Amino acid sequence: MAFTDWRALREVPVAFARAGMMLIKYWDSERRRKRLKLLLDIRSHRDMLMLPGEACQIMSAIEAVKKIPGDMAELGVASGASAMMISSCSPERTLHLFDTFEGLPKPSGKDSPRFKQHQYAYLLEEVQQYLKGAKVRFYKGFFPDTAVGISDTRFAFVHLDADLYEATKAGLEWFYPRLNRGGMLICHDIDSPGVSRAFEEFFEDKPEPYFDFIGYQCGFVKM
Ligand SMILES: C[S@@+](CC[C@H](N)C(=O)[O-])C[C@H]1O[C@@H](n2cnc3c(N)ncnc32)[C@H](O)[C@@H]1O
């Protein structure tokens with residue numbers, strides 16, 4: 001490709017940035033190609049509520065905690081698409097899955113009006129069938145009540161995707177002391193006021209910095 005064409009190509013992401021969007025080439029290493037293939041495969045047959053870039057950030061985090069002991073968990077499973085992705089990235093680890101499987105609980109006044117009670121209701125049996133063969137455990141019902149039986153479990157990776165203030169705050173309070181040092185937590189929907197408020201309040205007295213990624217996620221590494 002001529003030098004001038006290459007320069008013109010570099011302007012494409014800048015044009016997207018001017019329109020308030022990010023365009024990123026992700027096909028530049030075997031690791032990344034593998035992540036893209038897995039994500040596109042899951043998306044071809046299942047509702048996935050996160051952006052491709054967000055999914056890749058989760059896969060990158062799971063690879064990064066390879067040396068950290070502990071299980072994995074997701075609060076907010078819905079159709080099981082993100083759970084399938086998480087489990088496929090580290091199939092030898094147990095993945096604990098928490099959801100009402102009746103959709104969102106009633107949002108509070110702290111939450112975005114875009115969230116509605118019973119939104120994202122998927123049948124537990126159907127999600128179990130989809131994840132058949134994966135090393136997963138299901139906890140149906142209202143979190144954190146459903147977590148009482150596994151309070152001694154320790155984690156290397158946690159995905160919070162429960163959309164609402166109460167659930168996010170409860171997720172941070174429950175998982176933070178159970179995350180091993182070097183373990184990572186990623187949370188979706190940091191653009192929503194309930195989730196960002198839960199993070200601000202929770203991290204007021206914590207030593208870890210948390211930061212937002214491209215897309216609508218934020219996360220931290222446990223110190
Ligand atoms: C956006 S969906 C999860 C999407 C999924 N992670 C994906 O990417 O496909 C949010 C889920 O959080 C669950 N949820 C919210 N608050 C909860 C709580 N307190 N206990 C259990 N599940 C909860 C809802 O039932 C809903 O299925």
Side-chain angles (χ1 to χ4, degrees), residues 35 38-62 72-89 95-131 134 136-151 157-175 184-199 202 213 215-219:
R35 288 177 199 157
L38 175 63
L39 145 79
L40 293 172
D41 178 49
I42 292 173
R43 286 189 76 101
S44 68
H45 55 264
R46 205 76 183 165
D47 290 344
M48 190 186 262
L49 297 164
M50 66 180 73
L51 298 169
E54 294 172 334
C56 288
Q57 277 162 180
I58 288 179
M59 291 188 256
S60 161
I62 295 169
M72 305 190 291
E74 180 174 65
L75 168 56
V77 178
S79 76
S82 51
M84 175 63 92
M85 180 186 80
I86 292 167
S87 177
S88 303
C89 287
L95 171 61
H96 302 265
L97 296 172
F98 298 91
D99 204 297
T100 61
F101 293 102
E102 291 174 2
L104 295 177
K106 197 166 188 254
S108 70
K110 296 171 183 139
D111 293 306
S112 161
R114 79 173 193 265
F115 297 123
K116 307 279 181 250
Q117 190 172 14
H118 302 308
Q119 197 174 346
Y120 313 120
Y122 289 83
L123 274 183
L124 170 65
E125 293 70 23
E126 202 272 323
V127 180
Q128 279 174 326
Q129 182 60 31
Y130 174 59
L131 286 159
V136 293
R137 288 194 198 151
F138 288 90
Y139 306 85
K140 176 179 159 58
F142 186 81
F143 182 92
D145 304 354
T146 45
V148 286
I150 58 159
S151 54
F157 176 78
V158 176
H159 182 222
L160 295 188
D161 193 7
D163 298 345
L164 305 178
Y165 170 81
E166 294 294 348
T168 305
K169 193 84 185 282
L172 287 169
E173 276 161 5
W174 199 86
F175 285 111
M184 285 181 75
L185 181 148
I186 290 185
C187 181
H188 200 226
D189 295 304
I190 194 64
D191 59 315
S192 101
V195 173
S196 63
R197 182 162 173 179
F199 264 77
F202 183 79
F213 311 142
Y216 304 105
Q217 289 169 319
C218 71

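Just so it is clear, the structure is predicted and the values come from calculations on it, not from any experiment. Counting starts at 1 for both ligands and their atoms, in listed order.
For the pair I86 and H159, the tightest heavy-atom approach, listed with the atom from each and the gap, is CD1-CB, 3.9 Å.
Between R46 and E126, at least one side-chain nitrogen of the basic residue sits less than 4.0 Å from a carboxylate oxygen of the acidic one, meeting the salt-bridge criterion. Classification of D191 and R114 as a salt-bridged pair holds, one side-chain N sitting under 4.0 Å from a carboxylate O.
Listed by atom number, the atoms of ligand 1 under 4.0 Å from G141 heavy atoms are 20 (N), 21 (C). Listed by atom number, the atoms of ligand 1 under 4.0 Å from A162 heavy atoms are 12 (O), 15 (C), 16 (N). Against a heavy-atom cut-off of under 4.0 Å, M50 is close to the following atoms of ligand 1: 8 (O). Near A167, with a cut-off below 4.0 Å to any heavy atom, the atoms of ligand 1 are 16 (N), 19 (N). Within ligand 1, the atoms closer than 4.0 Å to a non-hydrogen atom of D163 are 1 (C), 10 (C), numbered from 1 in the order shown. Applying the 4.0 Å criterion to heavy atoms of G103 picks out, from ligand 1, the atoms 24 (C), 25 (O).
Scanning the protein for heavy atoms near atom 2 (S) of ligand 1, the closest one is Y120 CD1, 3.6 Å. Here the heavy atom of the protein found nearest to atom 10 (C) of ligand 1 is D161 O, 3.0 Å. The single protein non-hydrogen atom nearest to atom 22 (N) of ligand 1 is T100 N, 3.2 Å, given as residue, atom name and distance. If you check which protein heavy atom lies closest to atom 7 (C) of ligand 1, you get S82 OG, 3.2 Å. For atom 12 (O) of ligand 1, the closest non-hydrogen atom on the protein side is G76 CA, 3.3 Å. Ranking the protein heavy atoms by distance from atom 20 (N) of ligand 1 puts F143 N, 2.9 Å first. Ranking protein heavy atoms by distance to atom 16 (N) of ligand 1, first place goes to P105 CD, 3.2 Å.
No hydrogens or angles considered: a donor-acceptor pair under 3.5 Å links the side chains of S82 and E74.
Residue contact check for ligand 1: E74 places a non-hydrogen atom closer than 4.0 Å to it. Assignment of L49 to the shell around ligand 1 is supported, since a heavy atom sits closer than 4.0 Å.
At a heavy-atom distance under 4.0 Å, only backbone atoms of V77 (N, CA, C or O) approach ligand 1.
Taking the six-membered ring for Trp and thresholds of 30 and 60 degrees, F143 and W174 have ring planes more than 60 degrees apart, a perpendicular arrangement.
If you check each of D99, L160, T168 against atom 24 (C) of ligand 1, the one with the closest non-hydrogen atom is D99.
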